[in-house]
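Quick caveat, the model's predicted, so the values are computed rather than measured. Lettering follows sequence order; numbering is per chain, from 1.
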Number of protein chains: 2
Amino acid sequence: MATRSTLADQQSNDAVVDLGVVDGLVQLSFLIQSLLGRVAARHGLSIIQLRLLGVLRDREIGMLGLSRILELEKSSATGLVDRAERRELVRRVPVVGNRRAVHVALSEQGQALARAVHAEVATEITTLTADLSAPKRDQLSRLATTLVLGDAAARSLRL
Amino acid sequence: MATRSTLADQQSNDAVVDLGVVDGLVQLSFLIQSLLGRVAARHGLSIIQLRLLGVLRDREIGMLGLSRILELEKSSATGLVDRAERRELVRRVPVVGNRRAVHVALSEQGQALARAVHAEVATEITTLTADLSAPKRDQLSRLATTLVLGDAAARSLRL
DNA sequence: TATTGTTATACTCTATAACTATA
DNA sequence: TATAGTTATAGAGTATAACAATA
């Protein structure tokens, strides 16, 4: 896991120790989640509510689709949306032509909050990565993208 | 945030689109958390219980230290340890010379589970990153390490 | 019959406030 | 008084199972 550090492959990264890709990614994920948790808490939100706002930012979707994206049981999605609706962040809207389906959409308030939260997350992550050189930040961005898209592809094929 | 993709700075990464460092890191963190959640669920654990095992893997620690590391209120740590102790994964051990303090330590069973879980996580992340070339995997590892250690340093200074 | 969603129930996880006991 | 930890309470989040309504 951990890479033996040689001058040849070092390519100048300041880190003297290398956590390895396993612990590195795990710890990085907790770091980002902690950051998201802090931003969410500022607005009285949990991470899952933050995520709900993020998912609904660019689409309107049914309960079943929501539970698939958030990897929740549909009954959990019901409760999640109930609480968000109680706070007037989202609305259940009827679907024309299918009377048993509902779509969940952001309210005006929810849209504003989603925008604010996204901006704050962007600021914090920018700060977090501020010490990286531009090429390294781009490397990181591309590597993260590769993993995320690769996993999405693998998961669609297998399931 | 998103990087304009030019032939010059492309450095050959297969990703045609780049999520940008903000969305890339956020989505990557959810991907890793989802992976951790699947591994945890296999053993009837939650992510926080998984984390508890991970934290106690190489140290024995008091409730207050635990709550700082896990970013929980101390009362939340009490409940967490209560439930883990009920499942015989950890033990509260008295601290000699300080009768109001307790340390939390893994039981034999907890140690075995922590090892098993860590191995499974390693396997899954290895699979996840299997398509990366060795140099790219090393880049990723070093970049993750840089962010994690940098944040730890920044946070110790500020708090 | 299958699909979409909700309800009932029970448990985990979490925070706040108040408490005990020791330092 | 300050520190280490627990208890009481309330609410969010989650899963399982059973249900209702529509397709």
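- Side-chain to base pairing of B:Thr78 with D:dT7: no donor and acceptor N or O lie closer than 3.5 Å to each other.
- The span of DNA chain C lying next to chain A, judged by atoms under 4.0 Å from heavy atoms, is bounded 5' to 3' by C:dA2 to C:dT7.
- Rounded to whole Å, atom C1' of D:dT3 lies 14 Å from atom NE2 of B:His103.
- The CG atom of B:Asn98 sits 8 Å away from the P atom of D:dG5 (whole-angstrom rounding).
- Along DNA chain C, the nucleotide nearest to A:Val95 and the one nearest to B:Gly97 differ in position, and the one closer to the 5' end is contacted by A:Val95.
- A:Arg115 and A:Glu108 are not joined by a salt bridge, as no carboxylate oxygen comes within less than 4.0 angstrom of a charged side-chain nitrogen.
- Atom CZ of A:Arg87 is separated from atom P of D:dG11 by 14 Å (rounded to the nearest Å).
- In this structure, the separation between NZ on B:Lys136 and CZ on A:Arg142 is 8.5 Å, given to the nearest 0.5 Å.
- Rounded to an integer number of Å, the gap from A:Lys74 NZ to D:dA21 C1' is 12 Å.
- Residues B:Arg92 and B:Glu85 are paired through a salt bridge, judged by an N-O separation under 4.0 Å between the basic side chain and the carboxylate.
- The CG-P distance, from A:Leu80 to D:dA12, rounds to 11 Å in whole Å.
- In this structure, CG in B:Leu56 is found 10.5 Å from CG in B:Leu89, a value given to the nearest 0.5 Å.
- Between B:Glu85 atom CD and D:dG5 atom P there is a gap of 13 Å when expressed in whole angstrom units.
- Nearer the 5' end of DNA chain D, as judged by each residue's closest nucleotide, is the contact made by B:Arg68, out of A:Arg83 and B:Arg68.
- Remark: the B:Gln33 side chain and the A:Ser29 side chain contain an N/O donor-acceptor pair separated by less than 3.5 Å.
- Taking side-chain N and O atoms only, A:Ser46 has a distance below 4.0 Å to OP1 or OP2 of D:dG13.
- Atom-to-atom, CZ of B:Arg99 to C1' of D:dA2 comes out at 18 Å; the value is rounded to the nearest Å.
- Residues B:Ser67 and B:Glu73 have side chains that never bring a donor and an acceptor to within less than 3.5 angstrom of each other.
- Annotation: A:Glu88, atom CD; neighbour count of heavy atoms from other residues, nucleotides and ligands within 6.0 Å does not exceed 12.
- Residue B:Arg92 is classed as a sugar-phosphate contact, given heavy-atom separations below 4.0 Å to backbone atoms only.
- Rounded to an integer number of Å, the gap from CZ of B:Arg86 to P of D:dT6 is 13 Å.
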